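Notes follow the structure.
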Amino acid sequence: MALERTFSIVKPDATRRNLTGKVNAMLEEAGLRIVAQKRIVMTRLDAETFYGVHKERPFFNDLVEFMTSGPVVVQVLEGENAIARNREVMGATNPAEAAEGTIRATFAENIEANSAHGSDSAENAAIEIAYFFSGSEIVG
Ligand code: RTP
Ligand code: MG
């Protein structure tokens with residue numbers, strides 16, 4: 001089976017509570033390798049661009065405020081079926097609906113402050129990785 005890469009974010013609610021290591025442990029236990037990682041603060045433009053698909057949604061402004069409210073850890077994850085596997089270990093967007101043992105069921109505060117992002121398609125994974133990382137920063 002082919003190795004796949006996906007883009008992941010440890011969101012501000014998780015970095016604020018010092019949960020990066022615990023989130024990373026769950027990713028690694030799910031068979032995902034962290035092949036690039038850095039801690040940044042997203043600008044408003046970063047967040048608006050990143051979640052541009054949601055710009056007409058009622059939660060868009062709150063989401064941009066949240067994503068710029070503190071540091072995030074942006075990551076590239078590698079593994080077999082990495083995109084689907086990461087979405088599985090993250091769990092549903094709303095932690096109340098997330099399966100037991102998932103990152104969001106375990107750590108999320110609410111539907112917005114839900115601790116993790118993961119790309120939803122191969123096309124978006126490639127776009128998101130290229131926005132935050134140069135090729136030499138990714139060591140597979
Ligand atoms: P993500 O893009 O962050 O991986 O999350 P997702 O695919 O599970 O969910 P999506 O529908 O793409 O929503 C993006 C993020 O927006 C926030 N959100 N808030 N207040 C609300 O009703 C609401 N709905 C979504 C969450 O932070 C969600 O992850
Ligand atoms: Mg999404």
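Note that the structure is a prediction, hence the values are computed from the model and not measured. Residue numbers start at 1 and run along the sequence shown. Every number for a ligand or one of its atoms is a count from 1 in the order of the listing.
Considering backbone and side-chain atoms together, L63 places no N or O closer than 3.5 Å to any N or O of ligand 1.
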Please evaluate residues T6 and N86 with respect to the criterion side-chain hydrogen bond (donor to acceptor under 3.5 Å, both in side chains), reporting the C-alpha separation (whole Å), side-chain torsions for both, the decisive distance (0.1 Å), and the verdict. CA-CA 8 Å; T6 192; N86 183 38; 4.6 Å; no
Step-by-step side-chain contact (heavy atoms from CB on, under 4.5 Å) determination, I103 to N114: CA-CA 9 Å; I103 291 168; N114 62 4; over 6 Å; no
side-chain contact (heavy atoms from CB on, under 4.5 Å) assessment of E78 paired with L32: CA-CA 6 Å; E78 187 176 83; L32 296 162; over 6 Å; no
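A cation-pi geometry, defined here as NZ or CZ lying under 6.0 Å from the six-membered ring centre and within 45° of its normal, holds between K38 and F133.
Considering only non-hydrogen protein atoms, atom 26 (C) of ligand 1 sits nearest to I111 O, 3.2 Å. Among all non-hydrogen protein atoms, the one lying nearest atom 10 (P) of ligand 1 is H54 NE2, 3.4 Å. Here the heavy atom of the protein found nearest to atom 9 (O) of ligand 1 is T93 OG1, 3.3 Å. Of the protein's non-hydrogen atoms, the one nearest atom 3 (O) of ligand 1 is Y51 OH, 2.5 Å. Considering only non-hydrogen protein atoms, atom 27 (O) of ligand 1 sits nearest to E112 O, 2.7 Å.
Salt-bridge check for R5 with E128: failed, with every basic side-chain N at 4.0 Å or more from each acidic carboxylate O. For the pair R85 and E4, the salt-bridge criterion is not met [side-chain N within less than 4.0 Å of a carboxylate O].
Contact analysis leaves F66 out of contact with ligand 1, as no non-hydrogen atom separation drops below 4.0 angstrom. A heavy-atom separation below 4.0 Å is found between K11 and ligand 1.
R39 contributes no side-chain N or O that, together with a main-chain N or O of P71, makes up a donor-acceptor pair within less than 3.5 Å.
Checking E128, R104, H117, R87 against atom 5 (O) of ligand 1, the nearest heavy atom belongs to R104.
A tilted orientation is assigned to the rings of F7 and H117, their planes being inclined by 30° to 60°.
If you number the atoms of ligand 1 from 1 as listed, the ones under 4.0 Å from a heavy atom of N114 come out as 26 (C), 27 (O), 28 (C), 29 (O). Interface of G118 with ligand 1, defined as ligand atoms under 4.0 Å from a residue heavy atom, comprises 4 (O).
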